[in-house]
Amino acid sequence: MKMRKPLLFATMLLTTLSFALSSCKKDPAPRPDAESIEFLGSNDTIYIKYNETLDVSTLFRIAPPRALGTLVYQIARQPDYREGADIETPYTTVTAYSLNGSMLTSIEGVRVPDAVAAPAGSPNTTSQRAVREGRLRVSLQDDASVEQLEIVIVQTDKPALVPVVTVRENALNTIIDGKVTRVLTNQGGATSFNSSAFSVEPMDLELNASGNSRIMLALVNAPYVTPFPFTFGGTGSETGTGGYILAYHNSMTEVEAKAEPETSTRVARLYINVIEADPEAQIVGIVLNEAVVSANTDVSVQFFQRIAPFTTNSSRGVSAFILAKLEDGTTREWGTASGSGGRDGTLIVGEYSEYMENGGGANGSNPGWGNTSVRLQFSPEAPVGTPVAFTIVRLPTSTTLVETAGPEWRVRVETQVIVNPAL
(Lines give C-alpha, C1' and ligand atoms only; values in the text may rest on other atoms or scores of the structure.)
Protein backbone atom coordinates (compact mmCIF):
# COMPACT_ATOMS: atom_id res chain seq x y z
CA MET A 1 0.00 0.00 0.00
CA LYS A 2 2.90 2.38 0.72
CA MET A 3 4.18 2.01 -2.87
CA ARG A 4 1.00 3.34 -4.55
CA LYS A 5 1.41 7.04 -3.59
CA PRO A 6 4.81 7.53 -5.29
CA LEU A 7 3.43 5.81 -8.44
CA LEU A 8 0.40 8.08 -8.53
CA PHE A 9 2.61 11.14 -8.09
CA ALA A 10 4.83 10.07 -11.01
CA THR A 11 1.85 9.59 -13.29
CA MET A 12 0.51 13.05 -12.49
CA LEU A 13 3.94 14.55 -13.13
CA LEU A 14 4.20 12.94 -16.61
CA THR A 15 0.74 14.19 -17.51
CA THR A 16 1.64 17.72 -16.49
CA LEU A 17 4.89 17.64 -18.51
CA SER A 18 3.09 16.27 -21.61
CA PHE A 19 0.52 19.08 -21.44
CA ALA A 20 3.27 21.66 -21.05
CA LEU A 21 5.18 20.32 -24.07
CA SER A 22 2.05 20.25 -26.28
CA SER A 23 1.33 23.82 -25.30
CA CYS A 24 4.68 24.83 -26.71
CA LYS A 25 3.77 23.62 -30.33
CA LYS A 26 2.88 26.37 -32.91
CA ASP A 27 -0.65 26.66 -34.32
CA PRO A 28 -0.89 25.48 -38.03
CA ALA A 29 -0.77 28.25 -40.68
CA PRO A 30 -4.24 29.17 -42.02
CA ARG A 31 -5.05 27.98 -45.59
CA PRO A 32 -5.06 30.86 -48.12
CA ASP A 33 -8.09 32.08 -50.04
CA ALA A 34 -8.46 30.92 -53.65
CA GLU A 35 -7.29 33.52 -56.15
CA SER A 36 -7.64 31.84 -59.54
CA ILE A 37 -8.30 28.64 -61.48
CA GLU A 38 -5.37 27.34 -63.52
CA PHE A 39 -5.58 25.21 -66.69
CA LEU A 40 -2.80 22.60 -66.91
CA GLY A 41 -3.35 21.67 -70.57
CA SER A 42 -1.97 23.32 -73.71
CA ASN A 43 -3.32 25.82 -76.26
CA ASP A 44 -6.35 26.60 -74.05
CA THR A 45 -7.93 23.46 -75.48
CA ILE A 46 -9.21 20.17 -74.11
CA TYR A 47 -8.67 17.30 -76.57
CA ILE A 48 -11.03 14.36 -76.24
CA LYS A 49 -11.10 11.28 -78.45
CA TYR A 50 -14.20 10.29 -80.40
CA ASN A 51 -16.41 7.95 -78.29
CA GLU A 52 -14.16 8.30 -75.19
CA THR A 53 -14.40 9.74 -71.67
CA LEU A 54 -11.92 12.09 -70.02
CA ASP A 55 -11.55 13.14 -66.35
CA VAL A 56 -11.12 16.89 -66.72
CA SER A 57 -10.27 17.35 -63.03
CA THR A 58 -6.71 16.34 -63.94
CA LEU A 59 -6.45 19.45 -66.12
CA PHE A 60 -7.37 22.12 -63.56
CA ARG A 61 -6.25 23.28 -60.11
CA ILE A 62 -6.97 26.06 -57.64
CA ALA A 63 -4.24 28.64 -57.05
CA PRO A 64 -2.38 29.33 -54.82
CA PRO A 65 -1.44 25.87 -53.46
CA ARG A 66 -3.48 24.65 -50.49
CA ALA A 67 -6.26 27.16 -51.20
CA LEU A 68 -9.70 26.04 -50.15
CA GLY A 69 -12.43 25.40 -52.68
CA THR A 70 -14.20 22.92 -54.94
CA LEU A 71 -14.14 23.13 -58.72
CA VAL A 72 -17.42 22.79 -60.62
CA TYR A 73 -17.60 21.78 -64.30
CA GLN A 74 -20.35 22.38 -66.83
CA ILE A 75 -20.70 22.40 -70.63
CA ALA A 76 -20.94 26.04 -71.64
CA ARG A 77 -21.71 25.31 -75.28
CA GLN A 78 -22.11 22.33 -77.58
CA PRO A 79 -20.35 22.59 -80.97
CA ASP A 80 -22.31 23.96 -83.94
CA TYR A 81 -21.68 24.61 -87.61
CA ARG A 82 -22.88 26.63 -90.62
CA GLU A 83 -22.73 25.38 -94.22
CA GLY A 84 -21.87 27.55 -97.23
CA ALA A 85 -20.57 31.07 -97.68
CA ASP A 86 -23.73 32.90 -96.56
CA ILE A 87 -23.05 34.35 -93.12
CA GLU A 88 -26.81 34.71 -92.53
CA THR A 89 -27.27 30.93 -92.53
CA PRO A 90 -28.19 29.79 -89.00
CA TYR A 91 -25.85 27.47 -87.11
CA THR A 92 -26.86 23.85 -86.45
CA THR A 93 -26.03 22.48 -83.00
CA VAL A 94 -24.40 19.06 -82.58
CA THR A 95 -24.95 17.53 -79.12
CA ALA A 96 -21.55 15.88 -78.94
CA TYR A 97 -20.60 15.97 -75.25
CA SER A 98 -22.09 15.03 -71.88
CA LEU A 99 -20.74 15.69 -68.40
CA ASN A 100 -21.09 13.76 -65.13
CA GLY A 101 -19.21 15.53 -62.38
CA SER A 102 -15.73 15.90 -63.83
CA MET A 103 -16.14 13.09 -66.37
CA LEU A 104 -16.47 14.56 -69.87
CA THR A 105 -17.81 12.07 -72.45
CA SER A 106 -17.73 12.28 -76.23
CA ILE A 107 -21.19 10.84 -76.91
CA GLU A 108 -21.01 7.56 -78.79
CA GLY A 109 -21.43 7.85 -82.53
CA VAL A 110 -21.62 11.66 -82.65
CA ARG A 111 -18.99 13.18 -84.94
CA VAL A 112 -18.23 16.88 -84.65
CA PRO A 113 -17.97 18.34 -88.19
CA ASP A 114 -14.67 19.73 -89.44
CA ALA A 115 -14.28 23.35 -90.47
CA VAL A 116 -13.77 23.65 -94.22
CA ALA A 117 -12.42 26.69 -96.06
CA ALA A 118 -12.67 27.10 -99.82
CA PRO A 119 -9.17 26.86 -101.33
CA ALA A 120 -7.74 30.19 -102.45
CA GLY A 121 -9.11 31.11 -105.86
CA SER A 122 -11.55 28.21 -105.91
CA PRO A 123 -15.01 28.87 -107.39
CA ASN A 124 -16.36 26.26 -104.97
CA THR A 125 -17.68 28.81 -102.49
CA THR A 126 -20.65 26.68 -101.44
CA SER A 127 -18.40 23.91 -100.09
CA GLN A 128 -17.43 25.77 -96.95
CA ARG A 129 -18.19 25.16 -93.32
CA ALA A 130 -17.73 27.37 -90.30
CA VAL A 131 -17.50 25.40 -87.04
CA ARG A 132 -17.72 26.74 -83.50
CA GLU A 133 -16.24 24.15 -81.17
CA GLY A 134 -17.77 23.24 -77.83
CA ARG A 135 -16.66 24.87 -74.57
CA LEU A 136 -16.25 23.69 -70.97
CA ARG A 137 -16.89 26.18 -68.13
CA VAL A 138 -14.97 25.75 -64.84
CA SER A 139 -15.87 27.76 -61.73
CA LEU A 140 -15.26 27.73 -57.99
CA GLN A 141 -18.26 26.53 -56.05
CA ASP A 142 -19.99 29.25 -53.99
CA ASP A 143 -17.26 31.79 -54.79
CA ALA A 144 -18.07 34.24 -57.57
CA SER A 145 -15.01 36.35 -56.76
CA VAL A 146 -12.74 33.85 -58.57
CA GLU A 147 -12.90 34.29 -62.34
CA GLN A 148 -14.29 31.26 -64.14
CA LEU A 149 -12.57 29.68 -67.14
CA GLU A 150 -14.01 28.63 -70.51
CA ILE A 151 -11.86 26.13 -72.37
CA VAL A 152 -12.41 24.96 -75.97
CA ILE A 153 -13.24 21.25 -76.46
CA VAL A 154 -11.87 19.60 -79.61
CA GLN A 155 -12.79 16.09 -80.72
CA THR A 156 -9.92 13.98 -82.07
CA ASP A 157 -9.51 10.56 -83.71
CA LYS A 158 -12.71 10.94 -85.73
CA PRO A 159 -13.73 8.07 -88.02
CA ALA A 160 -13.59 8.31 -91.80
CA LEU A 161 -16.57 10.01 -93.39
CA VAL A 162 -19.34 7.83 -94.73
CA PRO A 163 -20.66 9.02 -98.12
CA VAL A 164 -24.25 8.74 -99.29
CA VAL A 165 -25.03 7.79 -102.90
CA THR A 166 -28.36 8.68 -104.48
CA VAL A 167 -29.90 8.60 -107.94
CA ARG A 168 -31.43 11.88 -109.06
CA GLU A 169 -33.17 10.84 -112.29
CA ASN A 170 -35.83 8.25 -113.12
CA ALA A 171 -35.50 6.86 -109.62
CA LEU A 172 -37.94 5.22 -107.23
CA ASN A 173 -37.22 3.86 -103.77
CA THR A 174 -38.18 0.27 -103.19
CA ILE A 175 -37.20 -2.65 -100.98
CA ILE A 176 -35.72 -5.70 -102.70
CA ASP A 177 -34.58 -8.62 -100.54
CA GLY A 178 -34.58 -6.34 -97.52
CA LYS A 179 -32.26 -3.76 -99.12
CA VAL A 180 -33.07 -0.16 -99.97
CA THR A 181 -32.79 -0.11 -103.76
CA ARG A 182 -33.06 2.59 -106.40
CA VAL A 183 -35.10 1.57 -109.43
CA LEU A 184 -34.06 3.09 -112.75
CA THR A 185 -36.74 3.12 -115.42
CA ASN A 186 -35.74 1.68 -118.79
CA GLN A 187 -38.12 3.50 -121.15
CA GLY A 188 -39.03 0.53 -123.28
CA GLY A 189 -35.53 0.14 -124.66
CA ALA A 190 -31.87 1.04 -124.23
CA THR A 191 -31.36 3.93 -121.86
CA SER A 192 -28.22 5.89 -121.11
CA PHE A 193 -27.36 6.84 -117.53
CA ASN A 194 -24.64 9.46 -117.26
CA SER A 195 -22.96 11.21 -114.35
CA SER A 196 -25.87 13.62 -113.86
CA ALA A 197 -28.02 10.68 -112.78
CA PHE A 198 -25.88 9.96 -109.71
CA SER A 199 -25.08 12.13 -106.73
CA VAL A 200 -22.54 11.43 -103.99
CA GLU A 201 -22.67 13.54 -100.84
CA PRO A 202 -20.66 12.97 -97.68
CA MET A 203 -22.54 12.98 -94.41
CA ASP A 204 -19.88 15.41 -93.36
CA LEU A 205 -17.97 17.74 -95.63
CA GLU A 206 -14.27 17.45 -96.26
CA LEU A 207 -12.29 18.89 -99.17
CA ASN A 208 -8.88 18.18 -100.62
CA ALA A 209 -6.45 20.85 -101.80
CA SER A 210 -8.32 21.16 -105.11
CA GLY A 211 -11.60 21.93 -103.39
CA ASN A 212 -13.18 18.56 -104.20
CA SER A 213 -14.87 16.21 -101.76
CA ARG A 214 -12.65 13.34 -100.69
CA ILE A 215 -15.16 10.73 -101.78
CA MET A 216 -14.24 7.84 -104.06
CA LEU A 217 -16.56 5.62 -106.12
CA ALA A 218 -16.35 2.05 -107.32
CA LEU A 219 -18.77 0.23 -109.59
CA VAL A 220 -19.56 -3.34 -108.66
CA ASN A 221 -21.54 -5.55 -111.01
CA ALA A 222 -23.33 -2.67 -112.71
CA PRO A 223 -23.42 -3.65 -116.41
CA TYR A 224 -25.29 -0.57 -117.66
CA VAL A 225 -22.80 1.84 -116.06
CA THR A 226 -19.31 2.10 -117.51
CA PRO A 227 -16.70 3.25 -114.98
CA PHE A 228 -14.48 6.18 -115.80
CA PRO A 229 -12.91 8.45 -113.20
CA PHE A 230 -15.95 10.02 -111.51
CA THR A 231 -18.05 9.46 -114.64
CA PHE A 232 -20.90 7.08 -115.31
CA GLY A 233 -21.94 6.19 -118.84
CA GLY A 234 -22.89 3.28 -121.05
CA THR A 235 -26.14 2.48 -122.79
CA GLY A 236 -28.80 -0.10 -122.26
CA SER A 237 -29.34 -2.94 -119.88
CA GLU A 238 -31.50 -5.97 -119.59
CA THR A 239 -34.09 -5.70 -116.87
CA GLY A 240 -33.25 -7.11 -113.49
CA THR A 241 -30.71 -6.35 -110.80
CA GLY A 242 -27.68 -4.58 -112.20
CA GLY A 243 -25.51 -4.62 -109.09
CA TYR A 244 -24.53 -1.70 -106.93
CA ILE A 245 -22.35 1.39 -106.69
CA LEU A 246 -19.93 1.60 -103.79
CA ALA A 247 -18.84 4.93 -102.27
CA TYR A 248 -16.10 5.38 -99.71
CA HIS A 249 -13.77 7.95 -98.20
CA ASN A 250 -10.31 8.26 -99.71
CA SER A 251 -8.72 7.12 -96.45
CA MET A 252 -9.49 3.64 -97.82
CA THR A 253 -8.35 1.98 -101.02
CA GLU A 254 -10.82 0.57 -103.52
CA VAL A 255 -9.71 -2.96 -102.63
CA GLU A 256 -10.30 -2.30 -98.93
CA ALA A 257 -13.70 -0.75 -99.64
CA LYS A 258 -14.86 -3.71 -101.73
CA ALA A 259 -13.71 -6.09 -98.99
CA GLU A 260 -15.95 -4.42 -96.40
CA PRO A 261 -18.87 -6.63 -95.31
CA GLU A 262 -22.34 -5.77 -96.52
CA THR A 263 -23.23 -4.55 -93.02
CA SER A 264 -20.29 -2.12 -92.91
CA THR A 265 -21.00 1.46 -91.88
CA ARG A 266 -17.72 2.69 -93.37
CA VAL A 267 -18.92 2.45 -96.98
CA ALA A 268 -22.19 3.23 -98.75
CA ARG A 269 -23.85 0.83 -101.15
CA LEU A 270 -26.47 1.91 -103.64
CA TYR A 271 -28.22 -1.15 -105.02
CA ILE A 272 -29.57 -0.81 -108.55
CA ASN A 273 -32.49 -2.47 -110.29
CA VAL A 274 -33.59 -1.72 -113.84
CA ILE A 275 -37.26 -2.16 -114.73
CA GLU A 276 -39.22 -1.92 -117.96
CA ALA A 277 -41.62 0.96 -118.57
CA ASP A 278 -43.93 1.81 -121.42
CA PRO A 279 -42.51 4.41 -123.80
CA GLU A 280 -44.02 7.82 -123.12
CA ALA A 281 -46.01 9.75 -125.68
CA GLN A 282 -44.10 11.54 -128.43
CA ILE A 283 -43.13 15.19 -128.01
CA VAL A 284 -45.17 17.39 -130.35
CA GLY A 285 -44.07 20.85 -129.24
CA ILE A 286 -42.90 23.14 -126.45
CA VAL A 287 -44.95 25.50 -124.29
CA LEU A 288 -44.12 28.26 -121.83
CA ASN A 289 -43.66 27.12 -118.23
CA GLU A 290 -46.05 29.75 -116.95
CA ALA A 291 -45.81 28.63 -113.33
CA VAL A 292 -42.23 29.73 -112.92
CA VAL A 293 -42.44 32.83 -115.10
CA SER A 294 -45.72 34.32 -113.85
CA ALA A 295 -44.88 33.71 -110.21
CA ASN A 296 -41.81 35.92 -110.63
CA THR A 297 -40.30 34.27 -107.54
CA ASP A 298 -38.39 31.29 -108.91
CA VAL A 299 -34.74 32.38 -108.76
CA SER A 300 -33.77 29.62 -111.18
CA VAL A 301 -35.50 31.45 -114.05
CA GLN A 302 -35.63 35.10 -113.01
CA PHE A 303 -33.06 37.76 -113.90
CA PHE A 304 -31.39 40.04 -111.39
CA GLN A 305 -29.66 43.39 -111.62
CA ARG A 306 -25.97 42.91 -112.22
CA ILE A 307 -24.67 44.52 -109.05
CA ALA A 308 -21.14 43.66 -107.92
CA PRO A 309 -20.07 41.25 -106.62
CA PHE A 310 -23.07 39.36 -108.03
CA THR A 311 -22.02 39.72 -111.66
CA THR A 312 -22.79 36.24 -113.01
CA ASN A 313 -26.03 35.06 -111.45
CA SER A 314 -28.28 36.65 -114.06
CA SER A 315 -27.39 33.90 -116.55
CA ARG A 316 -30.21 31.37 -116.87
CA GLY A 317 -30.55 28.03 -118.65
CA VAL A 318 -33.28 28.16 -121.29
CA SER A 319 -34.76 24.70 -120.59
CA ALA A 320 -36.19 25.93 -117.27
CA PHE A 321 -38.52 28.33 -119.08
CA ILE A 322 -40.39 25.74 -121.16
CA LEU A 323 -42.21 22.42 -120.87
CA ALA A 324 -42.31 19.57 -123.36
CA LYS A 325 -45.81 19.10 -124.82
CA LEU A 326 -46.63 15.43 -125.43
CA GLU A 327 -48.90 13.81 -128.01
CA ASP A 328 -51.42 12.78 -125.35
CA GLY A 329 -51.90 16.43 -124.32
CA THR A 330 -49.79 16.31 -121.14
CA THR A 331 -46.64 18.28 -120.40
CA ARG A 332 -43.48 17.56 -118.46
CA GLU A 333 -40.17 19.16 -117.61
CA TRP A 334 -37.66 19.29 -120.40
CA GLY A 335 -35.16 16.43 -120.58
CA THR A 336 -36.32 14.45 -117.56
CA ALA A 337 -37.20 11.35 -119.58
CA SER A 338 -33.69 10.51 -120.70
CA GLY A 339 -31.42 11.01 -117.71
CA SER A 340 -28.92 12.87 -119.84
CA GLY A 341 -31.34 15.64 -120.82
CA GLY A 342 -30.37 15.38 -124.50
CA ARG A 343 -33.10 13.09 -125.85
CA ASP A 344 -35.64 15.90 -126.18
CA GLY A 345 -33.67 17.72 -128.87
CA THR A 346 -31.69 20.94 -129.24
CA LEU A 347 -32.90 24.21 -127.73
CA ILE A 348 -31.51 27.52 -128.96
CA VAL A 349 -32.37 31.07 -127.91
CA GLY A 350 -32.49 34.42 -129.69
CA GLU A 351 -34.63 37.42 -130.68
CA TYR A 352 -33.46 39.18 -127.55
CA SER A 353 -35.07 42.33 -126.21
CA GLU A 354 -33.04 45.21 -124.82
CA TYR A 355 -30.60 44.27 -122.01
CA MET A 356 -30.56 40.59 -123.06
CA GLU A 357 -27.70 38.70 -124.71
CA ASN A 358 -26.56 35.20 -125.58
CA GLY A 359 -25.01 33.43 -122.61
CA GLY A 360 -24.07 30.02 -123.94
CA GLY A 361 -22.13 30.43 -127.15
CA ALA A 362 -23.29 31.03 -130.71
CA ASN A 363 -25.23 28.43 -132.67
CA GLY A 364 -23.22 27.68 -135.80
CA SER A 365 -26.20 27.02 -138.07
CA ASN A 366 -28.26 30.02 -136.94
CA PRO A 367 -26.48 33.41 -136.81
CA GLY A 368 -27.71 35.60 -133.98
CA TRP A 369 -28.95 32.63 -131.98
CA GLY A 370 -27.20 31.06 -129.00
CA ASN A 371 -27.07 27.75 -127.14
CA THR A 372 -27.75 26.77 -123.54
CA SER A 373 -28.45 30.05 -121.72
CA VAL A 374 -29.40 33.71 -121.87
CA ARG A 375 -28.33 36.56 -119.60
CA LEU A 376 -28.57 40.27 -118.93
CA GLN A 377 -25.99 42.48 -120.56
CA PHE A 378 -23.16 43.72 -118.38
CA SER A 379 -23.78 47.40 -119.20
CA PRO A 380 -25.95 49.27 -118.78
CA GLU A 381 -27.50 47.64 -115.73
CA ALA A 382 -31.22 47.04 -116.12
CA PRO A 383 -33.32 48.64 -113.35
CA VAL A 384 -35.67 46.48 -111.30
CA GLY A 385 -38.97 46.04 -113.15
CA THR A 386 -37.42 46.35 -116.61
CA PRO A 387 -39.29 44.05 -119.07
CA VAL A 388 -37.03 41.57 -120.83
CA ALA A 389 -37.91 38.97 -123.45
CA PHE A 390 -36.41 36.34 -125.73
CA THR A 391 -37.50 33.44 -127.94
CA ILE A 392 -36.71 29.75 -127.39
CA VAL A 393 -36.78 27.38 -130.35
CA ARG A 394 -36.54 23.61 -130.33
CA LEU A 395 -34.86 22.29 -133.49
CA PRO A 396 -36.16 18.89 -134.63
CA THR A 397 -32.69 18.11 -135.97
CA SER A 398 -29.30 19.63 -135.35
CA THR A 399 -29.10 20.89 -138.96
CA THR A 400 -32.53 22.53 -139.20
CA LEU A 401 -32.41 26.32 -139.49
CA VAL A 402 -34.46 28.25 -136.97
CA GLU A 403 -36.62 29.77 -139.69
CA THR A 404 -38.03 26.35 -140.57
CA ALA A 405 -39.15 25.51 -137.02
CA GLY A 406 -42.95 25.65 -136.88
CA PRO A 407 -44.90 27.66 -134.28
CA GLU A 408 -45.38 24.59 -132.09
CA TRP A 409 -41.59 24.63 -131.54
CA ARG A 410 -41.29 28.35 -130.67
CA VAL A 411 -41.94 30.04 -127.30
CA ARG A 412 -41.67 33.74 -126.49
CA VAL A 413 -40.60 34.34 -122.89
CA GLU A 414 -41.56 37.72 -121.41
CA THR A 415 -40.47 38.45 -117.86
CA GLN A 416 -38.79 41.26 -115.91
CA VAL A 417 -35.76 42.13 -113.84
CA ILE A 418 -36.20 41.55 -110.10
CA VAL A 419 -34.22 42.38 -106.97
CA ASN A 420 -31.42 39.94 -106.26
CA PRO A 421 -32.54 37.94 -103.19
CA ALA A 422 -28.88 37.46 -102.24
CA LEU A 423 -28.46 41.20 -101.62
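Computed from a predicted structure; not experimentally measured.
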Student: I'd like to check Trp334 versus Arg394 (side-chain heavy atoms, cut-off strictly below 4.5 Å). Are they in contact?
Tutor: yes

Student: Rounded to the nearest 0.5 Å, what separation is found between the CG atom of Leu347 and the CH2 atom of Trp369?
Tutor: 11.0 Å

Student: Determine yes or no for a side-chain-to-main-chain donor-acceptor pair under 3.5 angstrom, with Asn358 supplying the side chain and Val349 the backbone.
Tutor: no

Student: Testing the basics here: between Thr93 and Asp80, what is the closest heavy-atom pair and its distance to 0.1 Å?
Tutor: CA-CB, 3.7 Å

Student: Using only atom types and a distance under 3.5 Å, with no angle test, would you say the side chain of Arg77 pairs donor to acceptor with the backbone of Glu133?
Tutor: yes

Student: Give a yes or no answer on whether the side chain of Arg31 reaches the backbone of Arg66 with a donor-acceptor pair at less than 3.5 Å.
Tutor: yes

Student: Take atom CZ in Arg111; do more than 12 heavy atoms of anything else shown fall under 6.0 Å from it?
Tutor: yes

Student: Return the OH to CG distance between Tyr248 and Asn250, rounded to the nearest 0.5 Å.
Tutor: 9.0 Å

Student: As an exercise, state the distance from CG of Asp44 to CD1 of Ile151, rounded to the nearest 0.5 Å.
Tutor: 5.0 Å

Student: State, yes or no, whether a side-chain contact exists between Ile37 and Leu71 at a heavy-atom distance under 4.5 Å.
Tutor: yes

Student: Which atoms form the tightest heavy-atom contact between Leu376 and Met356, and what is the distance?
Tutor: CD2-SD, 3.5 Å

Student: Taking side chain as C-beta onward, heavy atoms only, is Tyr47 less than 4.5 Å from Asp157?
Tutor: no

Student: Check each of Met216, Glu256, Met252 against Val267 using the side chain to side chain contact (heavy atoms under 4.5 Å, CB included) test, and report the only one that passes.
Tutor: Met252

Student: When you compare the side chain of Val110 with that of Tyr97, does any pair of heavy atoms fall below 4.5 Å?
Tutor: no

Student: Between Ile283 and Glu408, is there a side-chain heavy-atom distance shorter than 4.5 Å?
Tutor: no

Student: Give the C-alpha distance, both sets of side-chain angles, the deciding distance and a yes or no for side chain to side chain contact (heavy atoms under 4.5 Å, CB included) between Leu59 and Val138.
Tutor: CA-CA 11 Å; Leu59 300 174; Val138 187; over 6 Å; no

Student: Whether the side chain of Gln78 engages the backbone of Ala96 through a donor-acceptor N/O pair (distance < 3.5 Å, no angle test) should be reported.
Tutor: yes

Student: Under 4.5 Å between any side-chain heavy atoms of Asn363 and Val402, yes or no?
Tutor: no

Student: Between Val388 and Phe390, is the side chain to side chain contact (heavy atoms under 4.5 Å, CB included) condition met? List the steps.
Tutor: CA-CA 7 Å; Val388 290; Phe390 50 90; 5.7 Å; no

Student: May I ask you to check whether over 12 heavy atoms, not counting those of Asn100, lie within 6.0 Å of atom CG?
Tutor: no

Student: Quick one: pull up CD in Glu38 and CD1 in Ile62 and give me the separation to the nearest 0.5 Å.
Tutor: 10.5 Å

Student: Taking atom CZ as the centre, does Arg266 end up with more than 12 heavy-atom neighbours from other residues, nucleotides or ligands that are less than 6.0 angstrom away?
Tutor: no

Student: For Ser353 and Ala389, which heavy atoms make the closest approach, and how far apart are they?
Tutor: OG-N, 2.7 Å

Student: Say you draw a straight line from CD of Gln148 to OG of Ser36; how long is it, rounded to the nearest 0.5 Å?
Tutor: 13.5 Å

Student: How about CG on Leu40, more than 12 heavy atoms from neighbouring residues, nucleotides or ligands closer than 6.0 Å, or not?
Tutor: yes

Student: Can you tell if the side chain of Val411 reaches within under 4.5 Å of the side chain of Phe321, non-hydrogen atoms only?
Tutor: no

Student: So, taking the atom named CD1 in Ile46 and the one named CG in Leu54, what distance separates them when rounded to the nearest 0.5 Å?
Tutor: 7.0 Å

Student: Identify the heavy atoms of Asn43 and Thr45 that sit nearest to each other, and give their distance.
Tutor: O-OG1, 2.8 Å

Student: I'd like to know whether Leu288 forms a side chain to side chain contact (heavy atoms under 4.5 Å, CB included) with Val413, so could you lay out the CA-CA distance, the side-chain angles of the two residues, the decisive distance to 0.1 Å, and finally the verdict.
Tutor: CA-CA 7 Å; Leu288 181 68; Val413 178; 3.8 Å; yes

Student: Testing the 3.5 Å rule here: is there a donor-acceptor pair between the side chains of Arg316 and Ser373?
Tutor: no

Student: Taking it one step at a time, do Val116 and Gln128 satisfy side chain to side chain contact (heavy atoms under 4.5 Å, CB included)?
Tutor: CA-CA 5 Å; Val116 178; Gln128 299 183 47; 5.6 Å; no

Student: Walk me through it: do Phe39 and Phe60 pass the test ring pair (Phe, Tyr, Trp, His ring centres under 6.0 Å)?
Tutor: CA-CA 5 Å; Phe39 177 57; Phe60 297 91; 5.2 Å; yes

Student: Is there side-chain contact between Asn371 and Ile348, with at least one heavy-atom pair below 4.5 Å?
Tutor: yes

Student: With no hydrogens and no angle check, is any side-chain donor or acceptor of Gln155 less than 3.5 Å from a backbone partner on Val112?
Tutor: yes

Student: Taking atom NZ of Lys325 as the centre, does the number of heavy atoms from other residues, nucleotides or ligands within less than 6.0 Å exceed 12?
Tutor: no

Student: Looking only at heavy atoms, what is the nearest atom pair of Ser106 and Tyr50, with distance?
Tutor: OG-CA, 3.8 Å

Student: How close do Asp55 and Ser102 get, heavy atom to heavy atom, and via which atoms?
Tutor: OD1-OG, 2.8 Å

Student: Assess whether atom CG of Asp86 is packed by more than 12 heavy atoms of other residues, nucleotides or ligands within 6.0 Å.
Tutor: yes

